[in-house]
Number of protein chains: 2
Amino acid sequence: MDNERREEAVTILRKAGFRATEPRLLVLSFLQNAKYPVSIQEIVAGMGNKSIHQVTVYRILHALKHAGIVTQVDFRHGRSYYELRDEQHDHHHIVCVKCGRVEDFVGCDYERLAAKALKQARGFATIVSHSLELFGMCNTCSKRKVRAA
Amino acid sequence: MDNERREEAVTILRKAGFRATEPRLLVLSFLQNAKYPVSIQEIVAGMGNKSIHQVTVYRILHALKHAGIVTQVDFRHGRSYYELRDEQHDHHHIVCVKCGRVEDFVGCDYERLAAKALKQARGFATIVSHSLELFGMCNTCSKRKVRAA
DNA sequence: AGTGTACTTGCAACTCATTTGCATCTAGAA
DNA sequence: TTCTAGATGCAAATGAGTTGCAAGTACACT
Ligand SMILES: [Mn+2]
Ligand SMILES: [Mn+2]
Ligand SMILES: [Zn+2]
Ligand SMILES: [Zn+2]
């Protein structure tokens, strides 16, 4: 049943000091099912019958992000994408510039990178976060011949 | 004199197949003088007397980006920033989340990273570009006490 | 140096992601 | 069950970036 998912979502919300409202549970469960980061409009569209106002989704994600529950990523598509934060692995994404396909990867070696950067950037005291994404061509798209200009 | 800069700019434009127009020369020289990536509105505002329409700046930067002359970066400020592409070093930026201060750093170890990512992301054939930025606190801002909530 | 035209610019209007104000609603503490 | 701080929905605003089109100009070619 999907009930365990729901209970898990309720717990997450309560622990972060939020009320366990229907819209929040729906958004959270949508994120739990998502295989890759999703956009606000994908979330709204994916709600089926029980619709949530787009503004509400914006506010929910803003709150969840501040609470450290979700992560916001930029795939250069002119909008933001969101996914549940993976506390185990510091993972990043590789995005196909042709079709938008996304895959994860780990191993950005954040500690080493941060140390190296802090040594160079003398005006900085600490690093609190980082963003890293790779852009490339998926197998399908790289096989497909480039259309004539 | 600033004339050598101007001639350099003319050369850059011609080499890329662009006409050496006044707006383009102004934007290019502004970028040449900029110490860190600048936004469209900063460019427009920085033109002094000889104003350029904002739309024109957008088009110029779009073209220069496609020609590989400028790079677009995302500092999470809700708009894009641009700088002349540094062909020598693959450098990135560290941004203060409080005041927006920016510094450069090198050493993202792109080759190793790309190889590692491609090994994991089986659905991808090639990587064409990457974005990486660190967010932290500059010395000044990290010293300043956090304002009471 | 003068001409013609393809490439550029400026202006207005538009698109679209994201934000804000406010009245109404409701989760959950008492 | 009641009460209320916190949430949601709706409308309107904001602001980055884009597009259509008429007018302007760099520069290739006389
Ligand atoms: Mn992911
Ligand atoms: Mn730089
Ligand atoms: Zn693809
Ligand atoms: Zn700072």
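Here the structure is a predicted model, which is why all the values come from computation and not from measurement. Within every chain, numbering begins at 1; the chains are lettered A, B, ... in the order of the sequence lines, protein sequences first and strands thereafter.
Looking at A:R85, its side chain does come within 3.5 Å of a backbone N or O of A:G68 through a donor-acceptor pair.
Once you apply a 4.0 Å limit to the heavy atoms of chain A, the touched nucleotides of DNA chain D run 5' to 3' over D:dA5 to D:dA11.
For B:H77, the NE2 atom sits in a packed shell: over 12 heavy atoms of surrounding residues, nucleotides or ligands are nearer than 6.0 Å.
Regarding contacts with the backbone of C:dT18, a side-chain N or O of A:S80 is found under 4.0 angstrom from either OP1 or OP2.
In this structure, a donor-acceptor pair under 3.5 Å is absent between the side chains of B:H91 and A:Q120. Side-chain atoms of B:H89 and B:D104 include no donor-acceptor pair closer than 3.5 Å.
In summary, A:E22 and A:R6 engage in a salt bridge, as defined by a charged side-chain N under 4.0 Å from a carboxylate O.
Using a 30° and 60° split on the angle between ring planes, B:F75 and B:H93 fall in the perpendicular class, above 60°.
Pairing each heavy atom of A:C96 with each of A:M137, the nearest pair is SG-CA, 4.0 Å.
Atom CG of B:L26 and atom C1' of C:dG10 are 15 Å apart (whole Å).
Interatomic distance, CZ of A:R144 versus SG of A:C99, reported as 7.5 Å (0.5 Å rounding).
Under the 4.5 Å side-chain contact rule for hydrophobic residues, A:I52 and A:V44 share a cluster. Linking Ile, Leu, Val, Met, Phe, Trp and Tyr residues whenever their side-chain heavy atoms come within less than 4.5 Å leaves B:I43 and B:Y81 in two separate clusters.
The stretch residues 48-62 of chain A touches DNA chain C through A:Q54, A:V55, A:Y58, A:R59, each having a heavy atom within less than 4.0 Å of the strand.
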- Message: For nucleotides 23-30 of chain C, give me one character per nucleotide, 5' to 3': B if any protein heavy atom sits under 4.0 Å from the base, S if the only such contacts are to the sugar-phosphate, - if neither.
- Response: ---BBS--
